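Heads up: the structure comes next, in structure tokens.
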Amino acid sequence: MSGTHDGTHDRTPPVALAIAGTDSGGGAGLTADVRAFTACGVHGAVAVAAVTVQNSVGVEGFHAIPPDVVAAQIRTVAGDMGVDAAKTGMLASTEIIEAVAAAGDEVGLGTRVPFVVDPVAASMHGHQLLADDALDTLRSVLIPRATLVTPNLDEVRLLVGVEVVDDASARAAARALLDLGAGAALVKGGHLTGSPDVVDLLVCADGTERAFSSPRRDTEHSHGGGDSLASSITAGLARGMALVDAVALGKAYITRAVDHAYPLGAGHGPVSSLWSVAAWEPGA
Ligand SMILES: Nc1ncnc2c1ncn2[C@@H]1O[C@H](COP(=O)(O)OP(=O)(O)OP(=O)(O)O)[C@@H](O)[C@H]1O
Ligand SMILES: Cc1ncc(CO)c(N)n1
């Protein structure tokens with residue numbers, strides 16, 4: 001290579017792996033994951049678990065990737081560049097969850113490598129992204145392997161049957177998730193629309209508890225918010241941060257991304273990370 005450069009390409013950033021679905025509209029799923037990884041300073045690798053036919057209005061359908069192909073993506077990335085932290089999003093089926101758990105065990109997800117499980121069950125439009133019979137597998141196979149599980153209030157209800165209405169019920173829900181074997185649970189309060197602040201409650205198996213609060217923004221453009229939060233936390237973990245610090249980074253990232261969300265299409269626009277990049281000009 002010739003030419004001048006500042007040498008930054010000589011340094012390898014930490015590597016974070018997202019195991020999730022694509023969103024053809026570019027708002028949620030793997031597109032949101034890789035944006036968050038980049039904005040938070042890590043290299044993003046992906047294992048595609050499903051391809052959705054999706055835009056700002058909704059999800060028209062999806063194609064699940066064969067489980068062995070999902071597992072092979074995880075192995076081939078980990079075997080070459082190494083993975084410093086990983087996260088899951090849409091996994092679509094029981095068979096894919098089982099394949100992710102098996103390949104994850106081989107490469108140390110949840111043991112040597114921090115592993116964030118975002119138990120995606122439906123899109124914000126209410127379209128199902130996980131087979132009915134896969135909830136049990138999520139509960140019994142993946143959550144016990146999680147360093148952190150990050151459900152929204154609908155997923156809390158589906159997974160542990162707790163209706164979250166206040167701090168006490170959020171705490172009870174988090175404890176029920178710890179009882180399933182997760183190392184920590186972050187119960188996200190985005191759907192508790194009555195309150196002026198959005199509070200995400202972190203409870204860890206070691207007894208640590210912390211509430212992350214931010215003013216609720218009046219916006220309908222929050223597509224990809226859950227994915228972006230889980231990915232930015234994963235980026236912090238890939239950078240070697242302690243869990244509480246990584247969640248603080250994630251909350252700061254998502255708050256800014258909600259602040260910069262934009263309208264797109266006829267439905268819900270995405271949270272944005274465009275504030276984090278300077279537009280590139282050729283020759284600059
Ligand atoms: N109106 C809002 N203003 C500020 N922050 C918000 C708002 N809505 C959600 N958040 C934040 O975005 C993150 C995602 O929360 P939420 O409970 O909406 O998860 P989710 O339902 O999984 O997201 P998604 O909308 O992508 O499905 C949380 O950190 C939450 O605090
Ligand atoms: C692919 C995909 N993953 C996750 C979500 C949830 O935001 C979505 N809408 N689409």
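Quick caveat: nothing in here was measured; it's all calculated off a predicted structure. All ligand and atom numbering here is 1-based and tracks the order in the structure. All residue numbers in this chain count up from 1 along the given sequence.
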Numbered atoms and elements of ligand 1 in range of [X], under 4.0 angstrom, heavy atoms:
{"X": "S222", "value": "25 (O)"}
{"X": "R216", "value": "1 (N), 3 (N)"}
{"X": "L229", "value": "28 (C), 29 (O)"}
{"X": "R217", "value": "1 (N), 2 (C), 3 (N), 4 (C)"}
{"X": "G224", "value": "26 (O)"}
{"X": "I254", "value": "12 (O), 13 (C), 29 (O)"}

Is D154 paired with R157 through a side-chain N to carboxylate O contact shorter than 4.0 Å?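 Answer for the salt bridge query: yes.
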What's the shortest distance from [atom] to any protein heavy atom, and which residue and atom give it?
{"atom": "atom 1 (C) of ligand 2", "result": "T22 O, 3.3 Å"}
{"atom": "atom 3 (N) of ligand 2", "result": "G29 CA, 3.6 Å"}
{"atom": "atom 6 (C) of ligand 2", "result": "D227 OD2, 3.8 Å"}
{"atom": "atom 27 (O) of ligand 1", "result": "M124 CB, 4.3 Å"}
{"atom": "atom 9 (C) of ligand 1", "result": "G190 CA, 3.8 Å"}

Considering only heavy atoms, which of V198, V156, N152 lies nearest to atom 7 (C) of ligand 1?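 Looking at heavy atoms only, the winner is V198.
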Run down the list Q54, H268, M90, H125 and name the one with the heavy atom closest to atom 10 (N) of ligand 2.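 Looking at heavy atoms only, the winner is Q54.
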Are any of the N/O atoms on [X], whether in the backbone or the side chain, positioned under 3.5 angstrom from an N/O atom of ligand 1?
{"X": "G225", "answer": "yes"}
{"X": "G226", "answer": "yes"}
{"X": "K188", "answer": "yes"}
{"X": "D200", "answer": "yes"}
{"X": "E155", "answer": "no"}
{"X": "H191", "answer": "yes"}

Hey, is the main chain of [Y] close enough, under 3.5 Å, to the side chain of [X] for a donor-acceptor pair?
{"X": "S272", "Y": "A261", "answer": "no"}
{"X": "S228", "Y": "I254", "answer": "no"}
{"X": "H127", "Y": "S123", "answer": "no"}

Is there side-chain contact between T147 and V117, with at least one heavy-atom pair below 4.5 Å?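 A side-chain contact under 4.5 Å is absent here.
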Side chains of E155 and D118 in contact at under 4.5 Å (non-hydrogen atoms):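 Side-chain contact under 4.5 Å: yes.
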Closest non-hydrogen atom pair, [X] against [Y]:
{"X": "N152", "Y": "H191", "answer": "ND2-CE1, 3.6 Å"}
{"X": "S232", "Y": "G250", "answer": "OG-CA, 3.3 Å"}
{"X": "P14", "Y": "G41", "answer": "CD-O, 4.0 Å"}

Against heavy atoms of G21, which atoms of ligand 2 measure under 4.0 Å?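 Going through ligand 2 atom by atom, the ones under 4.0 Å from G21 are 1 (C).
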Give the atom numbers and elements of ligand 2 that come within less than 4.0 Å of a heavy atom of T52.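 Selected atoms, number and element: 1 (C).
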One residue to check: H223. Relative to ligand 2, which of side chain, backbone, both or neither has a non-hydrogen atom less than 4.0 Å away?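 For H223, the contact with ligand 2 is made by the side chain alone.
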Considering only heavy atoms, does L129 approach ligand 2 within less than 4.0 Å through its side chain, its backbone, both, or neither?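 It is the side chain that touches ligand 2; the backbone stays farther off.
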Supply the atom-to-atom distance D259 CG to W275 CH2, rounded to the nearest 0.5 angstrom.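 CH2 of W275 is found 10.0 Å from CG of D259.
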In Å, rounded to the nearest 0.5 Å, how long is the span from CG of L177 to CG of L148?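 Atom-to-atom, L177:CG and L148:CG are 10.0 Å apart.
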Given L264, V271, D23, the one that forms side chain to side chain contact (heavy atoms under 4.5 Å, CB included) with H223: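 Single side chain to side chain contact (heavy atoms under 4.5 Å, CB included) partner of H223 among L264, V271, D23: D23.
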Please say yes or no: joined through hydrophobic side-chain contacts below 4.5 Å, possibly via intermediate residues, are L229 and M90 part of one cluster?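 No; tracing contacts between hydrophobic side chains, which count when under 4.5 Å, never links both residues.
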Any heavy atom of P215 closer to ligand 1 than 4.0 angstrom?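 The answer is yes, since P215 has a heavy atom less than 4.0 Å from ligand 1.
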